[in-house]
Amino acid sequence: MTTGRVVGYARTMRARAPWRWLTPSVRSRVFDGLLALFVVTVDLGALVQKTDDGISARVVLVGVLVLVRGAALLPRRRHPVAVLAVVVLLDIATHALLPSAADLQSGPALIAMYSCGRYRPVAVGWIAGAAAATAFSLSLLFWPAKNVFSGLIIFALTIALGQYMRVRREMAVRRGVEQAETAVRIERQRIARELHDVVAHHISVMSVLVGAARTTMAIDPAKAAEALLTTERTAREALAEMRQLLAVLRAEGTDDPEPALGARAAEVPALVAAVRATGLRVHLEVAGTVRELPASVDLAVYRIVQEALTNTRKHAAGAQAWVWIRYERAAVAVEVLDDGGSGAAASTAAQPGGGYGLGGMAERVALCGGRLQSGHRPEGGFRVQARIPVPVTAEIVAPAAVESPADHGS
């Protein structure tokens, strides 16, 4: 099995794990609790094995200190320096009570050292580590211990490991932010190009209509008036589009092979058919009464479905997908979900490093005055849903065509 497959399988298991619905803070607390329980169990077992004289008052007291030391690890992420100080003092106390059965540098001390390096700046981590090493060294004047030098080296390496993990995490977050910003910028550029084409189309229509009105004004005033009314309506539509996305600037010098004017909500069935041809099982349903949508909303509906199905095809091999488009009185709702599939890369669309096209979709929907939500489903798979407001005066053009499950193919 290749490394890529191993990573993909690990991501799949993580995405489908029963605890995936927990928030990161809750998962961190659960992990820290299990870690503290494991450390206490190991230390108490070692204490019992090293105690040959039976249970005494000192042994019981050291056992209590071991329990307190393990519990002190729980807030290690929020207060690593304080946790390190408490653990060092408890280590010195346990070693003073039972030098033969208690280690001066314990597992909790290593964990606390790592936490200082991981969750605090470089200077703070090294200062805290130096203070802990000094405290341990001073305690040797009263309670000598073995392998102290090697223990101090391990402490330094542990702090360095924590700082390495912190820097690595910061770089990963920074790369994620940069990729998300790039996706949003690319989507803004695409929106600007599409709007440019839409407005150019409106202006061309207006020019033709005004020319027709000018030539027929003397011959057929009624027909000329109708042409001017159509021109007025077209101008209002163009102005509405420009007001809606005034902040978007057209990107020059970029090539995009996708036709802007062909990407409309009415083309979603053709898009679904093309995706089915690639092997993905897609079910489409359109509810409500089809309405004439503003060009930006029309494009947004198409792009949402396109991006969501692309992510499903890339990241959820063997999955089934469902697409719903619902026309409401004052909005259009879009929902695309999949069941997760069975491939090695299933359900990774929202993992770090993937799915940044959804950030661009959220930007597009926000510019249209709507809201987009995406994330993993508790039962498995991924969901993308958006609701975009549309003018209530939009003209109703045809009843929606609804595909039944029997028409989708499998």
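Here the structure is a predicted model, which means the values were calculated and not measured.
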Within a strict 4.5 Å, meaning less than it, do heavy atoms of the [X] and [Y] side chains meet?
X      : Y      : answer
Leu90  : Pro108 : no
Leu161 : Tyr114 : yes
Val290 : Tyr327 : yes
Val384 : Glu307 : no
Leu84  : Ser115 : no
Val332 : Ile325 : yes
Leu67  : Leu44  : yes
Arg371 : Gln373 : yes

Between [atom1] of [X] and [atom2] of [Y], what distance do you get to the nearest 0.5 Å?
X      : Y      : atom1 : atom2 : result
Gln320 : Asp339 : CD    : CG    : 5.5 Å
Leu89  : Leu65  : CG    : CG    : 11.0 Å
Tyr164 : Leu157 : OH    : CG    : 14.5 Å
Leu37  : Leu73  : CG    : CG    : 11.5 Å
Ile159 : Leu110 : CD1   : CG    : 10.0 Å
Arg118 : Arg76  : CZ    : CZ    : 9.0 Å

Search all heavy atoms of [X] against all heavy atoms of [Y] and return the closest pair with its distance.
X      : Y      : value
Val365 : Ala386 : CG2-CB, 4.3 Å
Ala300 : Cys368 : CB-SG, 4.3 Å
Ala362 : Leu372 : CA-CB, 4.1 Å
Met113 : Ala132 : CE-CB, 3.4 Å
Val88  : Ala135 : CG1-CB, 3.9 Å
Pro75  : Ala71  : CD-O, 4.1 Å

Taking [Y]'s backbone N and O only, do any of them form a donor-acceptor pair with [X]'s side chain (distance below 3.5 Å, no angle check)?
X      : Y      : result
Asp298 : Leu293 : no
Asp338 : Gly381 : no
Gln163 : Val122 : yes
Arg166 : Arg120 : yes
Arg276 : Val282 : yes

Could you label the plane-to-plane angle of the His376 and Phe382 rings as parallel, tilted or perpendicular, counting under 30° as parallel and over 60° as perpendicular?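 Ring orientation, 0 to 90° scale: perpendicular.
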Please check if atom CD in Glu328 has more than 12 non-hydrogen atoms from other residues, nucleotides or ligands closer than 6.0 Å.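 More than 12 heavy atoms, drawn from other residues, nucleotides or ligands, come within 6.0 Å of this atom.
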Judged by modelled atom types alone, do Gln306 and Arg303 share a side-chain donor-acceptor pair under 3.5 Å?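 A pair is found: one side chain offers a donor N or O, the other an acceptor, under 3.5 Å apart.
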